[in-house]
Every structure is written in C-alpha cells, then in structure tokens.
Amino acid sequence: MSKGLPKRSENYSEWYNEIVKRAELAENSAVRGCMVIKPYGFAIWEKMQRALDDMFKETGHQNAYFPLFVPKSFLEKEEEHASGFAKECAVVTHYRLKTNPNGKGLIVDENAKLEEELIVRPTSEAVIWNAYKGWIQSWRDLPLLINQWANVVRWEMRTRIFLRTTEFLWQEGHTAHATKDEAVEETNKMLGVYATFAEEWMALPVIKGAKTENERFAGAEDTLCIEGLMQDGKALQCGTSHFLGQNFAKSFDVQFVNKENQLEYVWGTSWGVSTRLMGALIMAHSDDQGLVLPPKLAPIQVVIVPIYRAEEDLAKITKRIEPVVKELKSKGISVKYDDDDKYKPGYKFAEYELRGVPVRLGIGMRDLENGTIEVARRDTLSKEPRSIEGIVEYIETLLDKIQSNIYQKAFKFREENTFKVDTWEEFQTQIETGGFILAHWDGTSETEEKIKAETKATIRCIPFDEEKESGNCVYTGEPSKQRVVFARAY
RNA sequence: CGGGGCGUAGCACAGCCUGGUAGUGCGCACGGUUUGGGACCGUGAGGUCGCAAGUUCGAAUCUUGCCGCCCCGACCA
C-alpha cells in the first residue's frame, strides 16, 4: 500500500476518493453507480441514524415502512412531481426470467410483462400519500407524523461515492396536518432539527434558507435547506425540508372532516437527509493524514495502543490499562484496546489517524514506570504525556473539547470563505476562488439562470438568518430586498 | 450524451513504439530477528495480459469491433 494520501491542495477529488477507500468507508461496487458501504463507514452512518432517529422521536414522529415500488400511475398523479423525477427513474417492466433456450444464461421472459410498470422509488411521496388517503378521515387523525428509513434510486448521469450514487440510503419524513400554519411550522421545525444535527453532531456549521423556484423540490410549494461549505470552497446541500401545501392531498384526494364537520384537504410536508451526509462529514473536516471525525459520530472514540517488546511487558501494560478501559466504557465512551500483535505501533498510529479516531492513547514500559500515558489528538495532531491518574475524566472533557474545536475550525473556515459581493466583476473573480458569496439578486429565474450559465454558480438559498438589507442585483442592477447565497455546488 | 485517460497478480504500475521465456513494488504465506511514528532479512505462492475476431511461424505488444472503469462537463440529494 502506498503510504500518503493525495494532497487536498493538489487534487481534491482524488483525495476524497482515496480517503473513502483507504479509511474503509465504502467502495465502488460491481454495479455501476452503486456503492458498497463497508463496516466502518456504516458504523458512522448508524451513529448518524441513531442521533437523528432520537430527534425525530422527540419531535413526535413514528417510523414506518412503505414499498420500494411505485406504480407508474401513482407517480403520475402529482404532475410537477412526476415530471421532476421522470428522467431519473428505474423502471420494472417484467417479473420473471427464464433460461435462454439458445444457450447459457438468463433472459427476460416476455410472457411475464407487468400490466403496469413499477417505478423503483426515487422518493416516496406517491406511495405514502396513496396510503394516507386510507389513514386520514377526521381532524382527530391529524397531525400524522411518519418517518421511514429506506433506500431510493435516482438514475443520475454521473455519480460520486456518497455524494451522488444511483442508490442511496436516507430517511424521509412525511407528515399531514389540518392547517397550513401547522404544516409550515413542521417544515421549519424539521429544518431546525437538521441544522442542530449538522452543527452539534457533525460539527458542521450550516446556513438555513429557502430554495429559489428553480431549485425547489418537484411538487413542493416551498423547499427549505441547510447548506454547508466544503474545504474546496464548494457548497453541499445537506438536508431539505419541503412544505407541500395541499398538492399531494389534492392529487391523492386526502381529505379530512374538520371540527365544523366540513371536508378539507390536508396540508403536507416531507423532509430528508441521506448518506450524502457521509460525504459532507469527510469533506468538511478531514486533512491530508486522513479522516477527522467529530467524537460524537466516531465509531471508536478512543484507541489505546500498547508499546512493548516482550510478551510479559504486554501483560503488565494490559493489567494496568484494563481498569481504564472499563471505566471509559462505563462512561459511555467507545474505546478500543488494540493489543493485536500483528502490527507495530507506528503502523497502528498511522492507521487510526487515517480512520479519524479522535483520541489515541499510547502506553509503554516507560509510562508504567512514570505513571503516565501519551495522549494524542486527531484534530490537532498533537500529543502529550499525562498522568494516568484521572485520565478518564481528562478524556471525557477532551472529547467535548475536540468536538467543539472541530466545529470552530469549520466555522472559521466558513467565515473566512463567505464574501459580500456587490459588483459583477467582483462576483466573477470571487466565484473562481470558491466559498459562499452573499449578493443581491433581482428575484427572477432568468437572472439566476444567466448567472449559472456564465459562472456555474447557483443560488444555494435565500438565507433566513442574514439581516434584511436592500440593494441592487449584482447582475441586472434591479432592486433587491436581501442578499442571497451563491456558490458552486456539488 | 460530449471531451480526456485507463484496463497486465489482491492493490499500484512497468513492459507495447521496434511481435519471440510476463516483470517490479506493496500486500499475502512460512521462518527468524524486531516493536515509543507505517520494521528488516530469507524462502515461497499468486497471471485465460478486459472480451472477441483478424494479421503472423509466433500477439500483452500490430489491426478491427465490443465491454468495463475513472476524471472533466451537461442533470441532480
């Protein structure tokens, strides 16, 4: 195995691909555009799932599961939705194979053609709203707050591991409400959940905002999003929350009887985050030594590497360290004592760095004599000897410190790469160096498209937390009420 | 779908121009010495050279066709 990773500064996408492979997060599979998520990568995803799932439950949602297949007629019902997804759908047309009568192999049995094609879900609004029709009769059935963890398929032209794969894993929340206000509130609330998750768990600062009409989800009245900034200066959409209005309720005829005994269409929302977050996690924090994981999402938070020559020395080290391991575990810290004799310490150090383990402890005979242990931090790549007394408490606070340091670093990076731009010349120059550009926009799709055609920059969102400030569109000079966020994006 | 690159051992690649015994490094197996930042020595295993056809006494190498992968763009979470 060649040792160093490619440098981020030299070839960012190669660095990204290598880190995914070498840290054993995932690999490209034999199936074009689809990935194999390996155990270490999946362990991170499981931690994300757990944290998010807990947050969904806390906000009153329940999990359920809906079918993989969507009858074409369901998908067609909401027109915008249908045309939005039409060009990226996998279609099932037959239900049987047979052995090739002309020789070896299997062929599609033409006699087993489906009467109606089934679409492999690109998202589940259609199946779910079809089911909701049967679930909702009265205002007493509302709100209906459902989430599902599932895989979806979108036949993208070009794929990139974790960031855009043909099949990906995600969670999709689908809720139904009696009033518009309640649905809008739900849309906002879940965007807030995503932002909290991104910032507190992934240590990734995000901008909350609304998508422009061009970037809106097919079938939604309003699409909200969180946008993160990656180390190469490109933006990555990390989560979306849609206010669906009554679009799906009308298309699937989901009505309820209100307290006044009148029939009304329900109001809907849907929201999701996907395995793309794995890509965000990698690209936001990692360095040229490998992955850097925030402690809250690290499958292994602390690794302990014994350094010894003789078997007896290992036994002594093990005896000394065992109570520490036990105590760390009792505090809920995931710790690995790596006494594997097949690899040398130096190899292990490099390996755990590559895998982003936040804290590494090294302990050898010298430490046993001195009552010390070496503490190495992944985020700063620094190390120092500490007294082994009180080490557990020290590590507990250190993990918190690392979590917030990683966030602060990402936050600082974003601050340094966010620019207010007021002239078109400046815009064109700045977009080349990357980052978020805050600029005025006249609010028209035409301008948005022209800017995209000329610079490849898109409006990532109309931010919620930026102060409202009037000005003139950076492209047309027309009046504008507030700055929007431009960037080149993944 | 356009533009570029590449398919040779598990991985990374050389060999191809100029046809003639299939190689190197890493990894793997075994033995020994090692172990505080990716150890070293020795021995060994491992290949229908992407697939198919053609040219030739002879093809990894030349020709044609096909397949696959990666990167850059258009599309997108």
Side-chain angles (χ1 to χ4, degrees), chain A residues 1-6 11-18 21-22 27-33 84-89 122-123 151-172 194 211 214-218 220 223 225-228 235-242 270-280 289-290 305-311 313-314 317 338-354 360-370 372-374 376 381 383 385 452-453 456 458 460 488-490:
Chain A
M1 189 196 293
S2 59
K3 282 174 188 172
L5 282 169
N11 189 340
Y12 194 81
S13 54
E14 202 190 326
W15 166 82
Y16 174 80
N17 286 335
E18 279 298 307
K21 223 190 296 180
R22 300 258 295 272
E27 61 190 28
N28 285 311
S29 72
V31 187
R32 185 197 193 116
F85 281 103
K87 58 193 178 304
E88 49 190 74
C89 287
T123 178
N151 58 339
V152 286
V153 166
R154 294 182 187 175
W155 216 269
E156 302 289 351
M157 292 176 186
R158 196 175 149 221
T159 58
R160 234 179 139 198
I161 203 156
F162 284 127
L163 297 174
R164 184 174 303 103
T165 45
T166 301
E167 180 192 18
F168 57 93
L169 305 184
W170 77 346
Q171 117 330 274
E172 45 181 327
Y194 289 156
K211 285 293 185 192
N214 279 346
E215 303 271 328
R216 196 175 289 160
F217 174 73
T223 288
C225 64
I226 53 172
E227 293 282 329
L236 183 73
Q237 179 172 316
C238 294
T240 50
S241 184
H242 314 290
S270 68
W271 28 273
V273 296
S274 71
T275 36
R276 167 177 265 200
L277 289 179
M278 293 287 294
Q289 320 302 317
V305 178
I307 298 141
Y308 59 94
R309 286 163 204 266
E311 289 276 320
D313 294 348
L314 175 61
I317 293 167
D338 187 356
D339 59 354
D340 190 335
D341 193 41
K342 291 198 287 291
Y343 298 99
K344 287 178 49 172
Y347 180 90
K348 291 178 183 175
F349 293 171
E351 200 61 25
Y352 290 114
E353 252 158 37
L354 184 61
R360 187 188 72 232
L361 303 178
I363 182 163
M365 295 313 288
R366 225 151 61 203
D367 291 301
L368 286 193
E369 281 160 30
N370 302 336
T372 56
I373 191 159
E374 184 184 78
L381 288 170
K383 54 186 181 182
K452 185 180 177 185
K456 294 174 196 155
T458 50
R460 302 320 303 156
R488 285 189 182 150
Y490 276 98

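Naming: A, B, ... by sequence-line order, numbering from 1 per chain.
Residue A:Phe217 is classed as having no contact, given no heavy-atom separation below 4.0 Å to the nucleic acid. Counting any heavy atom pair closer than 4.0 Å across all strands shown, A:Ser13 reaches sugar-phosphate atoms only and no base atom. Using a 4.0 Å heavy-atom criterion, one finds that A:Arg32 contacts the sugar-phosphate atoms exclusively. Using a 4.0 Å heavy-atom criterion, one finds that A:Glu374 contacts the bases of the nucleic acid, with or without backbone contacts as well. Within 4.0 Å (heavy atoms only), A:Lys452 reaches sugar-phosphate atoms of the nucleic acid but no base atom. Using a 4.0 Å heavy-atom distance criterion, A:Leu236 is classed as making no nucleic acid contact. Looking at heavy-atom distances under 4.0 Å, A:Thr165 makes contact with a base. Using a 4.0 Å heavy-atom cutoff across all strands shown, A:Asn28 reaches sugar-phosphate atoms only and no base atom. Within 4.0 Å of A:Glu156, counting heavy atoms only, lies at least one base atom of the nucleic acid.
Between A:Tyr12 and A:Trp15, the two ring planes are tilted [angle within 30° to 60°].
Separating the C1' atom of B:A59 from that of B:G20 is a span of 10 Å, rounded to the nearest Å. Rounded to a whole angstrom, the distance from the P atom of B:G50 to that of B:G15 is 15 Å. Taking the C1' atom of each, B:U61 and B:U56 are spaced 13 Å apart, rounded to whole Å. With both ends at atom P, the span from B:A45 to B:U8 equals 23 Å, rounded to whole Å. As rounded to the nearest Å, B:C51 and B:G7 have C1' atoms that lie 11 Å from one another. Comparing the P positions of B:C1 and B:C66 gives an interatomic distance of 13 Å, to the nearest angstrom. Of the P atoms belonging to B:C28 and B:G65, the separation is 43 Å, rounded to the nearest Å. Comparing the same atom, C1', in B:A29 and in B:C71 gives a spacing of 37 Å after rounding to whole Å.
Closest approach to the A:Asn17 side chain among B:C71, B:U35, B:G38 is made by B:C71 (side chain taken as heavy atoms from C-beta onward). Looking at the side chain of A:Phe349, the nearest of the listed nucleotides B:G37, B:G38, B:U35 is B:G37. Distance from the side chain of A:Lys456 is smallest to B:A74 among B:G38, B:A74, B:A39. When each of B:U34, B:A74, B:G37 is scored by its nearest atom to the side-chain atoms of A:Ala350, the top-ranked nucleotide is B:G37. In this structure, of B:C75, B:U34, B:C70, it is B:C75 that holds the atom nearest to the side chain of A:Met157.
Using Watson-Crick or G-U wobble geometry with both donor-acceptor distances under 3.5 Å, B:A60 finds no partner in any strand shown. Base pairing of B:C69: its partner is B:G5, meeting the Watson-Crick or G-U wobble criterion (both donor-acceptor distances under 3.5 Å). Pairing of B:U21, defined by two Watson-Crick or G-U wobble distances under 3.5 Å, is not identified with any nucleotide. B:U43 and B:A29 make up a base pair, with Watson-Crick or G-U wobble contacts both under 3.5 Å.
A donor-acceptor contact under 3.5 angstrom links the side-chain atoms of A:Arg360 to the base of B:G37. The base of B:G37 lies close enough to the side chain of A:Lys383 for a donor and an acceptor atom to sit less than 3.5 Å apart.
Spacing between atom NZ of A:Lys87 and atom C1' of B:A74 amounts to 12 Å, rounded to whole angstrom units. Between the CG atom of A:Leu314 and the P atom of B:U34 there is a distance of 17 Å, rounded to whole Å. For the pair A:Arg160 CZ and B:C71 C1', the computed distance is 10 Å after rounding to whole Å. One can place NZ of A:Lys342 at 13 Å from C1' of B:C28, the figure rounded to the nearest angstrom. In this structure, A:Ile307 atom CD1 and B:G37 atom C1' are separated by 9 Å, rounded to whole Å. In this structure, A:Tyr16 places its OH atom 15 Å from C1' of B:C70, rounding to the nearest Å. Here B:U35 presents its C1' atom at 11 Å from CD1 of A:Ile317, a figure rounded to the nearest Å. Rounding to whole angstrom units, CD of residue A:Glu351 and P of B:U35 are separated by 21 Å.
For the pair A:Gly33 and A:Thr240, nearest-nucleotide mapping onto RNA chain B gives the more 5' position to A:Gly33. Residue A:Ile373 is the one, among A:Gln237 and A:Ile373, whose nearest nucleotide of RNA chain B lies closer to the 5' end (criterion: closest heavy atom).
For A:Arg366, no side-chain nitrogen or oxygen approaches OP1 or OP2 of B:G36 to under 4.0 Å. Residue A:Lys344 places none of its side-chain N or O atoms closer than 4.0 Å to OP1 or OP2 of B:G38.
Here the closest non-hydrogen pair linking A:Lys348 and A:Asp338 is NZ-O, 3.0 Å. Minimum heavy-atom separation, A:Leu236 to A:Ala280: CD2-CB, 3.4 Å. Contact record, A:Thr458 with A:Ala489: OG1-CB, 4.3 Å, taken as the closest heavy-atom pair. Smallest separation of non-hydrogen atoms from A:Pro306 and A:Ile317: CB-CG2, 3.9 Å.
For A:Phe217, the ring-ring contact (aromatic ring centres under 6.0 Å, His included) partners are A:His81, A:Phe85, A:His242, not counting sequence neighbours.
Open room surrounds CH2 on A:Trp155; 12 or fewer heavy atoms of other groups in view lie less than 6.0 Å from it.
Atoms OG1 and CZ, on A:Thr166 and A:Arg154 in that order, are 12.0 Å from each other to the nearest 0.5 Å.
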